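Take a look at the structure set out below.
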Number of protein chains: 2
Amino acid sequence: MVNSRVSVAIHILSLIATTNDSNQLTSEWIASSVNTNPVVIRRISSQLKKANLIASNAGVAGYQLVKEPKDITLLDIYKAVQAPEELFAIHDNPNPECAVGKKIQSTLDNVFQSVQRAMEDKLTEETLQDVLDQLFH
Amino acid sequence: MVNSRVSVAIHILSLIATTNDSNQLTSEWIASSVNTNPVVIRRISSQLKKANLIASNAGVAGYQLVKEPKDITLLDIYKAVQAPEELFAIHDNPNPECAVGKKIQSTLDNVFQSVQRAMEDKLTEETLQDVLDQLFH
DNA sequence: TATGTTGTAACTAATATGGTTACAAGTTGT
DNA sequence: ACAACTTGTAACCATATTAGTTACAACATA
């Protein structure tokens, strides 16, 4: 299962996108909406910052979006907080002296990549704006 | 990340589909191809059996496919070994007194379900036969 | 009856995850 | 200058998941 960092990241970005008073947007305030520890928020915010989705300044309260919500895809968010990780794990060291074992890894790699691409294509279709629309419809 | 049980399950099914001598298909022999412990094989085989993909008899060596490889989709295999589990985790207990916190779970549930459906649709397209074709092309 | 198998329970080590404490470094207002 | 507050990170902890392992009951077969 994909961990909840994606979920929390979308929550954070939704708050940033919809809160006018940037001064209010402290990690502690965000944490009280997400219901977690402020450090968890700062940790994930740090990843969103490295992915160039948000901006912030050490010492000064608040975070700002770097792009329009319609230009932030869920894949952007997914990749920001997910290690550059394959969706499916493949068992290692299958027996190369077995006809199946010899080719199973490359075969599964092909298959799983196409599945992962299908998922990522869907994540690309949906933007933060779509989430905001659903949140406030 | 989706654990390696899906990967191992496909390996097991490929061996069953392509090994004529059923007597050879012991959990120990399969384990030597997968490169793991026989109990791991029996554990996953047990799940495949419950999903009605393979058959076996306690005490007698071997496993048999219940369906044709072309009629076993990768989604069948995925669901057999994966707990009936959502692809994306959603953080719990967001603050209901916050406009975002109040609706984030139902919104993310919608969004993530559509993404999961895209992945499952792709898994449905590919069958064990397709894997066999790639293994022995 | 001896040998070998499947099926499972139970335990273990390794790893990932989210929560937490602590603190350095920065900003701001007085 | 300094007090109060913030972000950014390192470090640690408890928990859960995972795969590997040992052990053994139940069954089949020569």
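To find a chain, count down the sequence lines: A is the first, B the second, and so on, and within it residues start at 1. Being a predicted model, the structure only gives us computed values, none of them experimental. Reckoned from all heavy atoms, side chains included, excluding hydrogens, waters and symmetry mates.
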Note to self: Is the phosphate of D:dT7 approached by A:S56 (side-chain N or O, under 4.0 Å from OP1 or OP2)?
What the structure shows: no

Note to self: So which atom in B:K70 and which in B:T127 form the shortest heavy-atom distance, rounded to 0.1 Å?
What the structure shows: O-CG2, 3.4 Å

Notebook entry, point to check: Looking for any heavy atom pair under 4.0 Å, which part of the strands does A:S45 touch: base, sugar-phosphate only, or nothing?
Noted result: nothing

Item checked: Spacing between B:R42 atom CZ and D:dA26 atom P, to the nearest angstrom -> 16 Å

Note to self: Using a heavy-atom cut-off of 4.0 Å across all strands, would you classify A:N37 as base, sugar-phosphate, or nothing?
What the structure shows: base

Item checked: Whole-Å gap separating P (D:dT9) and CD (A:Q47) -> 11 Å

Next item on the list: Please check if any side-chain donor atom of A:D133 sits under 3.5 Å from a side-chain acceptor atom of A:Q129, or the reverse.
Entry: yes

Check: With nearest nucleotides of DNA chain D determined for B:Q82 and B:A58 from heavy-atom distances, which residue corresponds to the more 5′ nucleotide?
Finding: B:Q82

Item checked: Side-chain N,O (B:S4) to OP1/OP2 (D:dT18) below 4.0 Å -> no

Checklist line | Of the listed nucleotides C:dG19, D:dT6, D:dG8, the one nearest the side chain of A:A61 | finding: D:dT6

Next item on the list: Measure distances between side-chain N and O atoms of A:R43 and base N and O atoms of C:dT20, and say whether any donor-acceptor pair falls under 3.5 Å.
Entry: yes

Notebook entry, point to check: Which nucleotide in the list C:dT8, D:dT21, D:dG8 gets nearest to the side chain of B:V40?
Noted result: D:dT21

Margin query: salt bridge (Lys or Arg N to Asp or Glu O under 4.0 Å), that's the test. Do A:R117 and A:E120 meet it? Break it down for me.
Written below: CA-CA 5 Å; A:R117 195 171 319 118; A:E120 295 191 347; over 6 Å; no

Next item on the list: For A:I12 and C:dG18, give me the distance from atom CD1 to atom C1', rounded to whole Å.
Entry: 13 Å

Check: According to the interplanar angle, ranging from 0 to 90°, do the rings of B:F112 and B:F88 count as parallel (below 30°), tilted (30 to 60°) or perpendicular (above 60°)?
Finding: parallel

Checklist line | Interatomic distance, B:W29 CH2 vs C:dT6 P [rounded to whole Å] | finding: 13 Å

Next item on the list: Please determine if a side-chain N or O atom of A:S46 lies less than 4.0 Å away from the OP1 or OP2 oxygen of D:dG8.
Entry: no

Notebook entry, point to check: Among the clusters formed by ILVMFWY side chains lying less than 4.5 Å apart, do A:L25 and A:V39 turn up in the same one?
Noted result: no

Item checked: Rounded distance (Å) that lies between atom C1' of D:dA19 and atom NE2 of B:H11 -> 16 Å

Notebook entry, point to check: Which listed nucleotide (C:dT8, C:dT17, D:dA19) is nearest to the side chain of B:K50?
Noted result: C:dT8

Check: What is the nucleic acid contact for B:V39, judged by heavy atoms within less than 4.0 Å: base, sugar-phosphate only, or nothing?
Finding: base

